[in-house]
Every structure is written in structure tokens, then in C-alpha cells.
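Before any comments, here is the structure.
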There are 2 protein chains.
Amino acid sequence: MVRITGKRISESTIHRLSLYYRLLKVLQDEGYETVSSKDLADREKLTPAQVRKDLSFFGQFGTRGLGYPVTELRQQIAEIIGINKKWNVALVGIGNVGSALVSYKEFQKQGFHIKLIFDNDQRKIGSFHKGIEVHDVVNLRQMLNKYNIEIVIVAVPGAAAQGVVNEVVAAGVNAILSFAPTNLRVPSHVTLRSENMAIEMEHLTFHLTNENLYYTA
Amino acid sequence: MVRITGKRISESTIHRLSLYYRLLKVLQDEGYETVSSKDLADREKLTPAQVRKDLSFFGQFGTRGLGYPVTELRQQIAEIIGINKKWNVALVGIGNVGSALVSYKEFQKQGFHIKLIFDNDQRKIGSFHKGIEVHDVVNLRQMLNKYNIEIVIVAVPGAAAQGVVNEVVAAGVNAILSFAPTNLRVPSHVTLRSENMAIEMEHLTFHLTNENLYYTA
DNA sequence: CCTAACTTGTGAAGTTGTTCACAATTTAAA
DNA sequence: TTTAAATTGTGAACAACTTCACAAGTTAGG
């Protein structure tokens, strides 16, 4: 939980800010100059109060009677989220998932620049992916420092993940996105997000398995 | 929200069940026969009460004074989540993300069998990935039915995603995992999970941008 | 300039999710 | 067999999150 001028901001609110940011782009493209909390809410299946409350944590962006200025609000949210600047990103593990990430167009668009790629496979080290050379993971800590990497994406097998994370943390990087299907430990000052596709699938199977109870219970 | 014998189960609880399931595998491998809620909690950075409450929604699995039987609990959770059986899965879109998913070993292990692959690119249609033929997406609805597909993974560009989802829903599939960076609409009886890696990155940048406030505010 | 229609921002109320606290039960040791 | 230590299961208390409801401000039309 983060505090902004004494208010607690939940991860849910942060997530919705990202949704608003994307939606405002759509509205911009559709030619809207202002938008009401009701419009935003309808398109995201939220309540207008939720939208207003989320934004209210960060300031007053709207005009009563009129709504929010689309372009300006989008810019403000970009600043809040921190995507009004470029970020130096490194990728560890250039297997299936890593390769997909290097080619992921959304990343470039959003200012996430993958500057370095690492792997421990000698056959991959020295090769290039989208113009980026693959380095030996033994040089991880040193190179993260040298290139001022701020975010590391970990896409290595589960067994290797904690070791990589430890090196990343030791290098002073405070933000990690992991695709390893493992529980990872980081100090409290480091932000870690874990994506696990198998767990996402299990949400689906839970609902498929139990939805009948939803109606019959 | 799902109800089991009148109790409401949150998505957070479902998520934690997946974590317990994986942790119990580790404990099994480490040779434990029983485990306490405290042990489970410590390893997942949760409270023992949280663990016990989560499990209590589904029954009484422990023995007072002793804890939970590792192997048996794992099996019970598998049944609750619905991963004690094989699921027929189809993948739509065999680009970077789709290719990574086809090769994702966790899926096979968990009983998620990708039976069909679809794409709209004539150069890809007819080719094989991990032994699975790529079909023309125009045959999507018909083939989902024919092969009794229960879960569809959507890994197509944002602009195409809603169209694909509509076909999938029309085919009677009730569970969708999407990697498209778009807002998708599904009827309420369909479960949709959306993964958006750019949004995950934005959680990180939010924290990197605002964590100073955490300490100074 | 006045009024009607809108819409924000926010304290308060309501809802959902987490943690507490303890009775009930089991085990193990004396 | 008794007692001490451990641990579950769960109602109640607490905390976090969402929605309500309305005062305050803005716009547009007459």
C-alpha cells in the first residue's frame, strides 16, 4: 500500500488507473474532449463513484457539471503511474516467454525499453534478438548497474528464479516482473509482480467446476 | 463471486488455493506428511487465520493439534480448483505470445491440453506447432463445438480480440483467458481473465514513481 | 440573469475481506 | 491416566474497499 499525502492507495486503484489511461486514449481517438465519471464507469463496468474516488486520491481533475478533460486527464494519469518517461528494462531468460516479451509491441509503445538480455545458455549468449545482444547471466549484477536498469523481467525456469532475483536485488533494482511459476522472496523495498499463467487457468477451472453451485446453492 | 453451500468465495481465496496447491507439492517433495496453517502461512507470507479461513469455506480438512495431511489436502484442493481432470483447450492466435503458450510446460503438467490452434494468417494456417495443426479462424465456432473445447486462450491483436471472443461465446465456451491488451465484454455466465503485461509493468512504475512518497508523506 | 440539468468531490454508510481469539480436539510425555 | 502443548475451525471484531448521497460548482437555454 502506497501513501500519497496521507491517503492509502490500493493495488486495485493502481490497476484501474491503467485501465482509465487506456480508455482515455480510445476516447481521445473518438474525438471526445471531456468525459464524465459515468461514461468512464460504463465502459469499464465500474460505478461512477468508484472512478471519482480513484481519481480523488491524486487531486481534482474534473469540472463539476462538465466532467474530465480527456487529453489532460490522460496526461495526468500518465504522470501518476510514471509512464510519462522512458524506463530502462532488462530481460533475464530468452526462452519462449522471453522471446515473446522482446517482440511485444505494447512495451515499446509505453516507453519500456529492453536494453539488456541475459541467459545462461552458451548457445544463446552472443546471439541477437530484435537487435539486442544476449549476455551471459554471470555478468548480471555488474551490467544492471552499468546500464542503469530500473526494471528487470525474470523469465527463467522456476528453479533458477530466486537466484536471479537475489542478484537483481543486490544490483539495487527495485522493480521485478516475474513469469517464473515459483514463490519469490524480495526485501520489502522491492516491488515484485508475478505472472503465472497456470494460476490464471486455474481461476477458470475453478469457475467451470463450481459455477453450477452458484445457481443451485 | 461464487457460492459454495451459501458461502461467498472471493477471487483472492481462489488465487490462494492455487498457491497452497503448489506449496503442498513442495512440502510433499520435502517429505512432510502433515503441515500446520502456521507453516503454510509462513511460506506464503500470509496469516495462519487466513489459511484456515480459506480452507474452511470448502470443508474441514485438518486435525486439531496436528495440522493438515499434506498429500490428502493437495488432492482435495485439486478437486476444488478442478484440476483433477484434463481440460480441452484451444488457442486463438499463434504469434509471439501464442507460440510461447504452446511450449509452456506448466500447462501440460497441469492437464491443460491445447487441442486446437487457430489463426487468420494464410501463411500460418496448415503449419504445425508442437504437433498441433493451425486452423483457419473462420472455422472457429464449428470446431470448438466439434472438439468439445472448454477453455479458449485468446492471443490475438487487440483489434481482433472482441470478435474472437464473440465467436467463442457463441460456441458455448464459458471460460476465456485473454492476452489481448483490450477491454473485452462477455455475458455474465462466461468467466474471463485478462492478462496484460503492460499493465503489470505499470504497477511497477507506479511504485518506482511513488515510493518516495511512501516514506516522506 | 435565472433556472434546470449535469457532474464533481467527498464524508458517511455499507459491504467485503482479513485477523483475532478462544473453545474444541488431538498428541505426547510423565 | 492426567496434563501440557499444539493446532483447527469459526463467530466476532476489525480493516479495507466500494457505493451512496448530497452539497457545491458549471453549463446551457430562455
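The figures that follow rest on heavy atoms only: side chains count, while hydrogens, waters and symmetry mates do not.
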When you check the gap from the basic side-chain N to the acidic O, do [X] and [Y] get nearer than 4.0 Å?
X: A:E11; Y: A:R16; result: no
X: B:R22; Y: A:E202; result: yes
X: A:D29; Y: A:K25; result: yes
X: B:E150; Y: B:K85; result: yes
X: A:E30; Y: A:R43; result: yes

Contacts of A:R16 and B:S56 projected onto DNA chain D by closest heavy atom; the upstream (5') one is B:S56
Please give, in whole Å, the distance from [N] [atom2] to [X] [atom1]?
X: A:D39; N: C:dC6; atom1: CG; atom2: P; result: 12 Å
X: B:I9; N: C:dT16; atom1: CD1; atom2: C1'; result: 13 Å
X: B:E11; N: D:dA16; atom1: CD; atom2: P; result: 22 Å
X: A:L40; N: C:dT8; atom1: CG; atom2: P; result: 8 Å
X: B:D42; N: D:dA6; atom1: CG; atom2: P; result: 15 Å
X: A:E44; N: D:dT18; atom1: CD; atom2: C1'; result: 16 Å
X: B:K45; N: C:dT18; atom1: NZ; atom2: P; result: 17 Å
X: B:F57; N: D:dT10; atom1: CZ; atom2: C1'; result: 10 Å

A:Y68 vs C:dG9: side-chain N/O to OP1/OP2 distance below 4.0 Å: yes
For C:dT25, does either OP1 or OP2 sit under 4.0 Å from a side-chain N or O belonging to B:Q60? no
Sorted by number, the residues of residues 46-55 of chain B with heavy-atom contact under 4.0 Å to DNA chain C: B:T47, B:A49, B:Q50, B:R52, B:K53
Results of side chain to side chain donor-acceptor pair (under 3.5 Å) for B:E167 - residues two or more places apart only: B:R141
Under 4.0 Å between any heavy atoms, over every strand shown, what does B:T13 touch: base, sugar-phosphate, or nothing? Just pick one. nothing
Whether A:E44 side chain and A:Y20 backbone form a donor-acceptor pair below 3.5 Å: no
A:T205 and its side chain to side chain contact (heavy atoms under 4.5 Å, CB included) partner, picked from B:N84, B:I81, B:T191: B:I81
Of A:D54, A:L55, A:I83, the residue whose pairing with A:I77 passes side chain to side chain contact (heavy atoms under 4.5 Å, CB included): A:L55
Sequence-aligned protein contact record of nucleotides 24-30 of chain D, with B where the base is within under 4.0 Å of a protein heavy atom and S where only the sugar-phosphate is: BBB----
